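A short write-up of the structure that comes next.
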Amino acid sequence: MIECKDLVKIYRNGDVETQALKGVSFEIEDGEFVAIIGPSGSGKSTLMHIIGALDTPTSGSYILGGQEMSSLDDNELSDIRRTKIGFVFQSFNLLPRTTVLRNVMLPLLYSNTSEKEREQRALESLKYAGMDESKVYNLSNQLSGGQMQRVAIARALINNPSIILADEPTGNLDTKTSHIVMKTFQELNAKGHTIVLITHEEEIANFASRVISIRDGVVESDRKT
Amino acid sequence: MLLDLLKETLWSLTGNKIRSSLTMLGIVIGIASVIAMVAIGQGAQNSIAKSIESIGSNLIIIMPGAARGSGISQGRGSAETLTMEDVNAISTQVSDISAVAPEVSRRYQITAGGNNTNTQVVGTLPAYTEVRNVQIDLGSFLNAQQVQTSSKVAVLGATARDDLFGANANPIGQAIRVNGVGFTVIGVTVLKGGAGFNNPDDYVYVPISTDQHYLAGNNFVSDISAAATSPDTIAAAQQEVTDLLLTRHKITDPTQADFNILNQADIISTASSVTSTFTTLLASIAGISLLVGGIGIMNMMLTTVTERTREIGLRKAVGVRRIYINMQFLAEAVVLTFLGGIIGIILGWLMSMLASHFLNMTTQVSVSAILLAFGVSAGIGIIFGFYPARRAAALSPIEALRYE
């Protein structure tokens, strides 16, 4: 359950103040597949950072799973990201020259999990994300774009997070691969995962069950598909 | 936790072998060159100090003044003003002198069997060994009785022995002829290692009385070497000897003295000004290599961190706490610098060994050079490996991920 109430974010760069969010409020229930759509400069990235516990709002409240997030420090935000949020980025952000398995295991670093259990969870996660099992020991830079994004999804899933946050996950992919990746998200949603998708493409947003449209720092529309 | 840290560090270093080895190369070169340079410099300094010591300890040399005839000076040391009485007076009346050895020296043609050579024949006393640090290899040096009785015995320098009897031969008991006078060889001195016109290894020592009687034909001495009781008394001893000789020679104006006195401290101070210039030169070369090595390390570390800021951003985004990221980068820098440091020390040591082996130089690896080189390189490596990483870890994950 995500609750955003009057989120305001102001960036200060010297004397210049930019108000990226001007009071955004909405709720996302568990198990929803929501697309947040808007043109560049609309404030959707800022909103994504706040939802993803990468940044805190200037004012307003953001509650994730019953916990108020707007006043946490760097370490607490790190812990939230590790346990409650799975990220999928536009540019995949895999560790280069590193095996698929190791990439997926990255969020389990410094946790009290044995190496064996980590590997097992990573393998499960990869299977879950639809990754071919024969490729788990390949290096990340030997994969195709679609495969990389699947590895990233598997990495996002490994800690069984409350929400999966996908920031333009199809931005670097061709149409066909984009559709395959979006299908994967739909399957995950069908299995009960909450998914928040950030995009600027109407077509991609339509894979979600609900579309929140952001423009100039405010919610423009909120509709079911 | 710690295991994870170690594994991440090792994985990161072994996963980027070229990056790791280039970083290490800077450290290795910096440390190795400093160690080798300082080792060669110290070795050279030591060998200079040793060769100064070999001419004697706390030595004072008294030489006659210039002989003048019809207003023409024949140069310092040419006058015949010093006598055996002066020698006796110095040894009995100057308290800061522990030993006195007069010399009557001149070059003569020497023959032994079919060989002959032209070398310096020194007539002296048994005390010469103490004053001039002469050591005996075979047989014995001159003794008091041989001086008393003007015995025709001779002690050969190692080079003189080689010339007359062949390398490493034992000439004890053999006969040599100096300027036609027959002598019996009773000893050979240990090789001092010297070269040139005044090579102390190419001397032939005979009793001073024998020399004066059979070779020189007069009672004068060429110069007097005296040993002060300690390095601190050299100056006092020199003054006492000057005063004594002025009185004995009935000279009131010291500027008109008919003798000159030179002490080892003067020689040492000249030599040490040479060696200190030498040391400064080597230290600056070593400093420059260290600087260049340091810049190499710095470059590599900074490029690495720029490249890895995105990795840091990713680690943060997936929820790795900042402290673990800092610790990992610190561990990487420490492992790299220490590994590079150890290789550098071994390489530097090998280089100085090779230099001493093939270039025939004395080298001495000094602990302080190792510590300095290692400290500077490790410092640079750790600071420039860790500090930018720390800064990157403090960025928001999004900024770090977007870093170009």
Side-chain angles (χ1 to χ4, degrees), chain A residues 9 11 45-46 48-56 73-99 101-115 118 139-141 152 154-159 161 165 167 198, chain B residues 1-23 300 303-332 389-404:
Chain A
K9 182 69 184 181
Y11 290 110
S45 288
T46 310
M48 193 273 291
H49 295 166
I50 293 170
I51 295 174
L54 295 164
D55 209 346
T56 50
D73 69 17
D74 197 71
N75 280 338
E76 289 165 325
L77 285 175
S78 283
D79 294 344
I80 294 288
R81 288 197 294 271
R82 190 169 66 246
T83 54
K84 295 192 170 177
I85 300 165
F87 286 97
V88 178
F89 301 97
Q90 175 178 1
S91 49
F92 322 127
N93 286 319
L94 300 181
L95 294 174
R97 302 176 291 271
T98 308
T99 62
L101 198 64
R102 240 198 124 85
N103 262 294
V104 177
M105 278 157 41
L106 185 67
L108 294 178
L109 267 182
Y110 309 113
S111 68
N112 283 320
T113 335
S114 71
E115 188 71 20
R118 288 181 195 188
L139 297 184
S140 59
N141 36 331
R155 182 179 64 196
L157 286 169
I158 196 161
N159 267 326
L165 196 58
D167 181 19
I198 316 288
Chain B
M1 298 283 200
L2 211 62
L3 199 67
D4 272 6
L5 184 68
L6 276 176
K7 267 196 246 166
E8 281 299 291
T9 306
L10 277 181
W11 163 78
S12 183
L13 293 178
T14 52
N16 296 282
K17 289 193 184 66
I18 293 177
R19 192 173 72 192
S20 307
S21 43
L22 281 177
T23 313
M300 217 44 225
T303 344
T304 297
V305 168
T306 311
E307 181 196 316
R308 297 186 69 185
T309 300
R310 292 174 58 125
E311 183 192 328
I312 291 172
L314 173 67
R315 283 170 187 274
K316 281 206 82 178
V318 300
V320 176
R321 281 191 174 204
R322 197 202 291 184
I323 180 147
Y324 293 126
I325 296 173
N326 285 345
M327 271 158 58
Q328 184 195 328
F329 275 77
L330 184 64
E332 280 181 29
R390 213 181 93 99
R391 238 183 26 194
L395 286 178
S396 99
I398 289 303
E399 270 176 78
L401 273 174
R402 286 199 188 131
Y403 195 86
E404 293 296 332

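Order of the sequence lines fixes the chain letters, A, B, ..., with proteins taken first and strands second; residue numbering starts at 1 for each chain. From a predicted model like this one, the values you see are computed outputs, not experimental measurements.
Remark: the backbone N or O of B:Leu314 is not paired with any side-chain donor or acceptor of A:Asn93 at under 3.5 angstrom.
Interface residue B:Leu5: backbone and side-chain heavy atoms are both found under 4.5 Å from chain A.
Side chains of A:Arg81 and B:Pro397 form a contact here, defined as non-hydrogen atoms less than 4.5 Å apart. At a threshold of 4.5 Å between non-hydrogen side-chain atoms, the residues B:Arg315 and A:Leu95 count as touching. Taking the side chain as every heavy atom from C-beta outward, B:Arg310 and A:Ser91 approach each other to under 4.5 Å. Side-chain contact between B:Val320 and A:Arg82: absent, with no pair of heavy atoms (C-beta onward) separated by less than 4.5 Å.
Here B:Glu399 contributes atom CD and A:Asp55 contributes atom CG; the two are 8.5 Å apart, rounded to the nearest 0.5 Å. Interatomic distance, A:Leu109 CG to B:Ile325 CD1, rounded to the nearest 0.5 Å: 10.0 Å. Rounded to the nearest 0.5 Å, atoms CE (B:Met327) and OH (A:Tyr110) are 7.0 Å apart.
Applying the 6.0 Å contact sphere to CZ of B:Arg390 captures no more than 12 heavy atoms from other residues, nucleotides or ligands. Within a 6.0 Å radius of CG in B:Leu6, other residues, nucleotides and ligands contribute more than 12 heavy atoms.
A salt bridge does not link A:Asp73 to B:Arg322: none of the charged nitrogens lies less than 4.0 Å from a carboxylate oxygen. Between B:Lys316 and A:Asp74, at least one side-chain nitrogen of the basic residue sits less than 4.0 Å from a carboxylate oxygen of the acidic one, meeting the salt-bridge criterion.
Comparing A:Arg102, A:Glu115, A:Arg155 by how many heavy-atom pairs each has under 4.5 Å with chain B, the most go to A:Arg102.
Shortest non-hydrogen contact noted between A:Ser111 and B:Asp4 is N-OD2, 4.1 Å.
Scanning for ring-ring contact (aromatic ring centres under 6.0 Å, His included) contacts around A:Phe89 gives A:Phe87, with sequence neighbours left out.
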